[in-house]
Trainee: 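The structure follows.
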Amino acid sequence: MEDLPADLGIHLYTVGDYAALGETEYWSELQEGKIVVSPSPTYNHGQAVSELFVQVRAQLPSNLIAFMDLDLDLALVPEDQPGTVRRPDLFVVDRADVKRANAEGRLLRASEVLLVVETVSPGSRRTDYRIKRDEYADAGIPNYWILDLDEPISLLACHLTKEFGYVDNGEATGTFTTAEPLPLTIDLTTLLD
């Protein structure tokens, strides 16, 4: 594991530069070439994401796979420019795209993702509801869910439109059912003890 790079504040990283750092001792993302370091998630955050992962995974067809907490290249700029890499709490992608990314030695790209999920933390509310919502829409991710653990636990399901970017039907509580990007039913009441 690596320590923070010595040039953290003065060097703008491409996605390739960032990926070359490998495993690190800190939780980070790349935002427009800058490494953004965040504290580790809370126990509630970890439990809720784990439980959501279990529910989603159990309902996926065999050609799809869900991942937790992995780097995702938003591919918002050319490869030689300062890039943006997010580490969503959960995302769903086709297994064929995972094989292709592995064979090419690259990160998964936003264009390969069907669904991305972020869980709101005390220090991430604006980032999740505004910044990431805009970034994920710009990257063309068709479905973005925002999970809010404040009582009652809620889920805001956004789907991408050509005219308006992400649109949603308001926050869901209790049981959430959707057909986009695939049929899924999520019992939000069981995400935390």
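Fair warning: this is a prediction, and the values are worked out from it, not measured in the lab. Throughout, residue positions are numbered sequentially from 1 according to the sequence presented. Computation of the quantities below employed the complete heavy-atom set of this structure, encompassing side-chain atoms and omitting hydrogens, waters and symmetry-equivalent molecules.
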Trainee: Can Q55 and T190 be counted as having a side-chain donor-acceptor contact under 3.5 angstrom?
Mentor: yes

Trainee: To the nearest 0.5 Å, how far apart are OG in S154 and CG in L147?
Mentor: 7.0 Å

Trainee: Tell me if the aromatic rings of F91 and F67 count as close, with their centers under 6.0 Å from one another.
Mentor: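 Yes, the ring centres sit under 6.0 Å apart.
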
Trainee: Could you go through the side chain to side chain contact (heavy atoms under 4.5 Å, CB included) check for L182 and L64 one step at a time?
Mentor: CA-CA 10 Å; L182 65 150; L64 299 179; 4.2 Å; yes

Trainee: For A137 and Y166, which heavy atoms make the closest approach, and how far apart are they?
Mentor: N-CE1, 3.3 Å

Trainee: For side chain to side chain donor-acceptor pair (under 3.5 Å), just list the numbers for T42 and N44, CA-CA rounded to whole Å, side-chain angles, deciding distance to a tenth of an Å, and then say yes or no.
Mentor: CA-CA 5 Å; T42 65; N44 280 352; 5.7 Å; no

Trainee: Just so I know, are the side chains of D148 and L156 near enough to count as touching, which here means a heavy-atom distance under 4.5 Å?
Mentor: no

Trainee: Between the main-chain N or O of G165 and the side-chain N or O of T161, is there a donor-acceptor pair closer than 3.5 Å?
Mentor: yes

Trainee: Assess whether salt bridge (Lys or Arg N to Asp or Glu O under 4.0 Å) is satisfied between E32 and R86, documenting all intermediate values.
Mentor: CA-CA 11 Å; E32 297 180 353; R86 291 299 186 181; over 6 Å; no

Trainee: To the nearest 0.5 Å, what is the distance between NE2 (H159) and CD1 (I141)?
Mentor: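 Going from the NE2 atom of H159 to the CD1 atom of I141 covers 15.5 Å.
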
Trainee: Nearest 0.5 angstrom please: I35 CD1 to D17 CG, how far?
Mentor: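 Output value for this atom pair is 9.0 Å.
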
Trainee: Do Y144 and L74 sit in the same hydrophobic cluster, where Ile, Leu, Val, Met, Phe, Trp and Tyr count as joined when their side-chain heavy atoms come under 4.5 Å apart?
Mentor: yes

Trainee: Within the 4.5 Å heavy-atom criterion, are Q81 and L76 side-chain neighbours or not?
Mentor: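 SC-SC contact between Q81 and L76 ruled out.
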
Trainee: Write down the atom of P88, the atom of L70, and the distance for their closest heavy-atom approach.
Mentor: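 Smallest interatomic distance, heavy atoms only, reads CD-O, 3.5 Å.
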
Trainee: Where do A139 and A110 come nearest, in terms of heavy atoms and distance?
Mentor: CB-CB, 3.5 Å

Trainee: Return the orientation label for the W145 and F176 ring planes: parallel under 30°, perpendicular over 60°, tilted otherwise.
Mentor: perpendicular

Trainee: To the nearest 0.5 angstrom, please state how far the CD1 atom of I186 sits from the OG1 atom of T175.
Mentor: 9.5 Å

Trainee: Below 4.5 Å, heavy atoms only, C-beta onward: do L115 and V117 meet side chain to side chain?
Mentor: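 They are in contact (side-chain heavy atoms under 4.5 Å apart), so the answer is yes.
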
Trainee: With a 4.5 Å heavy-atom cut-off, do L149 and V120 have their side chains touching?
Mentor: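 SC-SC contact between L149 and V120 ruled out.
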
Trainee: With clusters defined by side-chain heavy atoms of hydrophobic residues (ILVMFWY) lying less than 4.5 Å apart, directly or transitively, does L21 cluster with V37?
Mentor: yes

Trainee: For N63, I'd like to know if atom CG has over 12 heavy atoms of other residues, nucleotides or ligands within 6.0 Å.
Mentor: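 More than 12 within 6.0 Å, yes.
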
Trainee: As an exercise, state the distance from CZ of R106 to CG of D71, rounded to the nearest 0.5 Å.
Mentor: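 That separation rounds to 13.5 Å.
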
Trainee: Return the minimal non-hydrogen interatomic distance between L90 and V92, and the atom names on each side.
Mentor: CD2-CG2, 4.2 Å

Trainee: Would you call V85 and L107 a side-chain contact if the rule is heavy atoms closer than 4.5 Å?
Mentor: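 V85 vs L107: side chains touch.
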
Trainee: Identify, with sequence neighbours excluded, every residue that meets side-chain hydrogen bond (donor to acceptor under 3.5 Å, both in side chains) alongside D89.
Mentor: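 Residues passing side-chain hydrogen bond (donor to acceptor under 3.5 Å, both in side chains) with D89: H45, T119.
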
Trainee: Indicate, with yes or no, if L192 and L188 share a hydrophobic cluster defined by side-chain heavy-atom contacts under 4.5 Å among Ile, Leu, Val, Met, Phe, Trp and Tyr.
Mentor: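 Hydrophobic grouping puts L188 with L192.
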
Trainee: Kindly indicate whether the side chain of L108, heavy atoms from C-beta on, has any atom under 4.5 Å from the side chain of V98.
Mentor: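 Contact flag for L108/V98 side chains = yes.
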
Trainee: Are the charged groups of K34 and E29 less than 4.0 angstrom apart, N to O?
Mentor: no

Trainee: How close do L114 and P142 get, counting heavy atoms only, and between which atoms?
Mentor: O-CG, 3.5 Å

Trainee: Any side-chain to backbone donor/acceptor pair from E104 onto A101? Under 3.5 Å, distance only.
Mentor: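 Checked: no pair found.
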
Trainee: Is there a donor-acceptor contact under 3.5 Å from the side chain of T178 to the main chain of E180?
Mentor: yes

Trainee: Can you list the steps and then say if R125 with E118 is a salt bridge (Lys or Arg N to Asp or Glu O under 4.0 Å)?
Mentor: CA-CA 10 Å; R125 185 166 296 280; E118 294 286 2; over 6 Å; no

Trainee: Check the surroundings of atom CD in Q59: do more than 12 heavy atoms from other residues, nucleotides or ligands lie under 6.0 Å from it?
Mentor: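 Atom CD in Q59 is crowded, with more than 12 foreign heavy atoms closer than 6.0 Å.
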
Trainee: Side chains of Y129 and S124: is there a donor and an acceptor less than 3.5 Å apart?
Mentor: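 Their side chains do not contain a donor-acceptor pair, so the 3.5 Å distance test is not met.
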
Trainee: Between CG of D193 and OH of Y43, what distance do you get to the nearest 0.5 Å?
Mentor: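 Taking CG in D193 and OH in Y43, the distance rounds to 14.5 Å.
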
Trainee: What about I65 and L72, same hydrophobic cluster or not, with Ile/Leu/Val/Met/Phe/Trp/Tyr joined at side-chain heavy-atom distances under 4.5 Å?
Mentor: yes

Trainee: Show your reasoning for whether side chain to side chain contact (heavy atoms under 4.5 Å, CB included) applies to V116 and N143.
Mentor: CA-CA 6 Å; V116 66; N143 296 276; over 6 Å; no

Trainee: Is L60 reachable from V113 through a run of hydrophobic residues whose side-chain heavy atoms are each under 4.5 Å from the next?
Mentor: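 No; L60 is not reachable from V113 via cluster members.
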
Trainee: What residue among K99, R95, R100 forms side chain to side chain donor-acceptor pair (under 3.5 Å) with D97?
Mentor: R100

Trainee: Given R133 and D168, is the salt bridge (Lys or Arg N to Asp or Glu O under 4.0 Å) satisfied, shown in steps?
Mentor: CA-CA 11 Å; R133 183 174 172 144; D168 63 78; 3.1 Å; yes

Trainee: Just so I know, are the side chains of E51 and F53 near enough to count as touching, which here means a heavy-atom distance under 4.5 Å?
Mentor: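 No, their side chains stay 4.5 Å or more apart.
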
